[in-house]
Protein chains: 2
Amino acid sequence: MAYQPHDSSRHDNTLAVIRSLREQGPVARVDLGILNGISSATVTSISADLLQLGLITELPPDVQRPSGRGRPKTLVQLAPEAACVICVKLSINELQLVVGDYAGQLQHSEHHSVATLALTPDALAALLEEKIAAVRTTALASHRRLVGICLAVQGVVSSHSGTLIWSPALSFRNAPLSAPLADRFDCPVLLENDANCIASVLATKPAYAGYPNLAVIMLGYGIGMSVMIDGVPFLGANGSAAEFGHSKYQPGGALCACGKRGCIEAYASDYALYREAREVLELPAGDSAHPSEQQMQALTQLAMQGNPEAQRIFAEAGRALGYGMANLLALFNPDLVLVTGSGVRGYAAMQEAMQDAIDEALVSELIGPTRIVSCPWDRDMTCLGGIAITLQASDSSLLSGR
Amino acid sequence: MAYQPHDSSRHDNTLAVIRSLREQGPVARVDLGILNGISSATVTSISADLLQLGLITELPPDVQRPSGRGRPKTLVQLAPEAACVICVKLSINELQLVVGDYAGQLQHSEHHSVATLALTPDALAALLEEKIAAVRTTALASHRRLVGICLAVQGVVSSHSGTLIWSPALSFRNAPLSAPLADRFDCPVLLENDANCIASVLATKPAYAGYPNLAVIMLGYGIGMSVMIDGVPFLGANGSAAEFGHSKYQPGGALCACGKRGCIEAYASDYALYREAREVLELPAGDSAHPSEQQMQALTQLAMQGNPEAQRIFAEAGRALGYGMANLLALFNPDLVLVTGSGVRGYAAMQEAMQDAIDEALVSELIGPTRIVSCPWDRDMTCLGGIAITLQASDSSLLSGR
DNA sequence: TATATTTAATTTAGACCCTAAAATAAATAC
DNA sequence: GTATTTATTTTAGGGTCTAAATTAAATATA
């Protein structure tokens with residue numbers, strides 16, 4: 001009788017244990033049981049399997065703080081060297097490569113300045129292959145195997161097909177990036193939107209737990225968004241992220257990088273702010289269509305110091321953002337909206353106008369209980385999210401031995 | 001050893017069988033197995049339980065068409081008299097009450113003209129109680145028990161708390177409707193948004209299966225929407241439906257019934273169309289703030305017959321609708337958008353301008369594979385959806401005997 | 001120092017649920 | 001009348017979990 005189990009509970013519980021360990025670090029078996037609502041007998045059995053596979057190790061007991069009465073807990077933790085993943089973040093004029101270990105920790109990080117808009121499809125493919133090959137060599141020196149690669153990019157992606165549909169960092173479209181890399185490096189290659197990566201990290205933070213519907217808005221050179229529903233990113237029809245930046249503020253309004261008019265991004269992104277500002281303000285020289293962090297900080301500084309022209313520009317951006325939020329609240333009605341990305345540097349200068357615009361646009365019944373909060377920006381967050389997503393995707397195959 | 005099952009598969013499979021029977025009518029055990037991916041041995045066991053509980057019956061074999069070789073199938077079906085539910089649809093100036101049997105079929109329907117805007121909270125509560133009590137008496141004559149009541153209303157509801165937050169049919173807000181009725185009739189009382197009810201019906205139709213992300217837009221006196229994700233309505237933070245009608249077309253634009261300006265509804269709803277039209281066209285007399293079906297048909301007729309003023313008005317409505325769709329596509333990116341409601345009568349006159357507006361607003365990469373389709377309107381659909389939702393909610397308690 | 005107490009982890013016994021295979025049932029085809 | 005086909009039921013057995021019992025390893029107390 002070739003028996004086929006009807007019930008995936010063992011598999012599910014095993015994944016849940018791994019996820020707990022990745023989120024919490026070392027945990028005792030009892031606590032794994034409580035955390036995941038399973039009996040400690042089951043945790044014992046699952047831990048035995050994972051120890052056997054070499055995916056977890058027991059922590060030596062000596063290190064522990066005196067635990068009071070009773071038998072002391074034996075903590076188990078993920079074995080960092082059990083596997084590794086590589087995450088590549090592609091953004092405008094920059095390529096970041098990081099290596100993450102099986103515990104989800106960042107092991108290596110490097111940044112490269114690249115004129116991304118000048119790349120041809122072939123040049124991009126060659127560049128990715130070269131850079132990934134290099135970090136892979138160093139990564140494999142200390143890890144058993146490479147279980148996945150994540151490409152985290154700004155723009156519209158089709159995760160399912162591994163095709164980058166459209167990115168502000170590139171001058172071409174519809175690039176099938178995943179397949180050739182998967183062939184070359186013999187492992188799954190995930191293509192993810194950068195906002196989804198960040199949202200995946202934020203959604204697991206204790207401070208933002210308890211908000212089943214979470215929207216994360218990324219301000220920066222462009223404006224992106226990810227919506228998490230019950231901890232998983234919501235992907236629409238083509239598997240791409242929600243494009244908050246190209247929702248509309250004003251029909252026929254300001255010109256957007258997408259070629260259309262009136263998008264939120266055409267008012268509140270870095271390039272939009274700088275485009276307005278350079279007309280009327282003295283600002284650092286440079287490529288004003290792709291303002292650098294220094295250029296943006298100079299502009300933000302002016303607004304913070306009370307320059308009325310700068311303040312007017314940020315207020316208008318805030319108003320556009322507010323109208324975008326109003327639509328987001330009317331259509332999605334999230335519990336919490338987090339605003340982050342490098343553009344949060346100017347959030348304080350936009351916030352009041354944003355709030356006024358929301359109140360102007362929506363009756364309070366429709367605003368409902370939604371909270372809107374900004375969140376400090378960390379350059380590595382995207383890659384940490386990419387690592388987490390890739391590890392989680394690899395767990396199933398790691399369990400099945402292959 | 002007080003054993004507590006760790007695994008809900010029996011319960012889940014039983015619910016799946018009931019759902020199949022409610023959607024498909026009589027089905028044989030083999031086919032129930034195939035439909036739900038379970039073995040026929042399990043279906044036999046589940047059917048035995050359900051027969052025991054009186055929730056299903058076997059169909060007499062004689063009625064069947066000659067089925068070819070082999071042992072003929074024995075069809076089982078839900079026992080209509082096993083239970084019943086009442087659905088009350090509250091809309092502007094009208095109250096509809098229906099009774100549904102356990103198979104989900106409509107057994108009784110009645111309409112009452114009521115000046116809903118003139119009702120006080122107490123008068124509404126008394127009216128609901130009176131009308132429900134009357135139909136309950138007749139319903140219980142032929143059904144074993146009443147297992148739930150559904151209030152399907154236009155507007156913003158908090159299903160969780162059973163509070164009607166805001167409805168265009170009423171002149172007051174924040175009405176806790178469910179609790180008193182649940183007490184009075186000793187059964188669960190669900191409060192649902194009307195668009196959610198309709199979407200729940202449409203999402204199960206074979207024609208629209210295979211679209212995991214489905215948006216249903218209801219045109220009518222107001223404009224509502226429901227978004228279904230994997231067959232379940234998406235409820236945001238306060239458990240209310242998505243308010244497409246109050247997303248924005250034009251900041252500072254036309255005045256909406258909600259009191260704010262520039263909502264889609266202020267351009268494309270019945271009252272908005274009629275408000276524009278009566279300025280320039282000869283139309284039937286009546287309450288033009290709440291145009292009747294006859295009034296709206298007269299207006300639609302004019303546009304269809306080529307009246308340029310009427311056509312302009314519908315085109316402007318279509319444009320607003322298109323911009324709303326653009327935001328919906330940018331933020332939600334559904335696989336399919338269905339347009340329905342009594343307002344579809346004018347859809348043909350709006351469609352071209354709507355499509356133009358979408359193309360004007362969004363680059364094709366963001367429109368993606370989404371299809372936008374209209375869907376004929378059926379007056380009873382809301383209540384059928386309410387019945388289906390209520391029956392599904394009651395199944396668990398029916399299985400546990402109580 | 002010896003014993004009791006407390007808490008963690010493991011082992012044991014048993015319940016539930018499902019599937020595959022075998023058996024039975026009820027038709028049609030030849 | 002027998003063979004074939006298809007549906008349903010019965011049987012046997014695997015997997016997974018939990019509760020309870022047991023074992024392990026510490027602290028508290030006398």
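These figures come from a predicted structure and were not determined experimentally.
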Residues two or more places apart in sequence or in another chain: which of them pass side-chain hydrogen bond (donor to acceptor under 3.5 Å, both in side chains) with B:Asp380?
B:Gln96
Side-chain N or O of B:Asn13 less than 4.0 angstrom from OP1 or OP2 on C:dC17?
no
Using whole Å, report how far CG of A:Leu59 lies from P of C:dA8.
17 Å
Just to verify, what does A:Glu23 make a side-chain hydrogen bond (donor to acceptor under 3.5 Å, both in side chains) with, not counting sequence neighbours?
none
Roughly, in whole Å, what's the span from CZ in A:Arg10 to P in D:dG15?
11 Å
If only side-chain N and O atoms count, and only distance matters, is there a donor-acceptor pair under 3.5 Å linking A:Ser8 with A:Asp12?
yes
Taking atom types as modelled, find out whether A:Arg19 and A:Thr204 have a side-chain donor-acceptor pair closer than 3.5 angstrom.
no
To the nearest 0.5 Å, tell me how far A:Gln105 CD sits from A:Leu384 CG.
8.0 Å
How is B:Ser39 classified with respect to the nucleic acid when contacts are heavy atoms under 4.0 Å: base, sugar-phosphate, or nothing?
base
Measure CG/B:Asn36 against C1'/C:dC18 and give the value in whole Å, please.
15 Å
Atom pairs, N/O to N/O, protein against nucleotides 6-10 of chain D, distance under 3.5 Å?
| unit_1 | atom_1 | unit_2 | atom_2 | d |
| --- | --- | --- | --- | --- |
| D:dT6 | O2 | B:Arg71 | N | 2.8 |
| D:dA7 | O4' | B:Arg71 | O | 3.3 |
| D:dA7 | N3 | B:Arg71 | NH1 | 3.2 |
| D:dT8 | OP1 | B:Thr74 | N | 2.9 |
| D:dT8 | OP1 | B:Thr74 | O | 3.2 |
| D:dT8 | OP2 | B:Val30 | N | 2.8 |
| D:dT9 | OP2 | B:Arg29 | NE | 3.2 |
| D:dT9 | OP2 | B:Thr44 | OG1 | 2.8 |

When rounded to whole Å, the CG to P distance for the pair B:Leu32 and C:dT19 reads 14 Å
Under 3.5 Å, is there a donor on one side chain and an acceptor on the other for A:Asn36 and A:Ser20?
yes
B:Asp12 CG to C:dC18 P: how many Å, rounded?
9 Å
Measure the distance from NE2 on A:His11 to P on D:dG14 and round it to the nearest whole Å.
23 Å
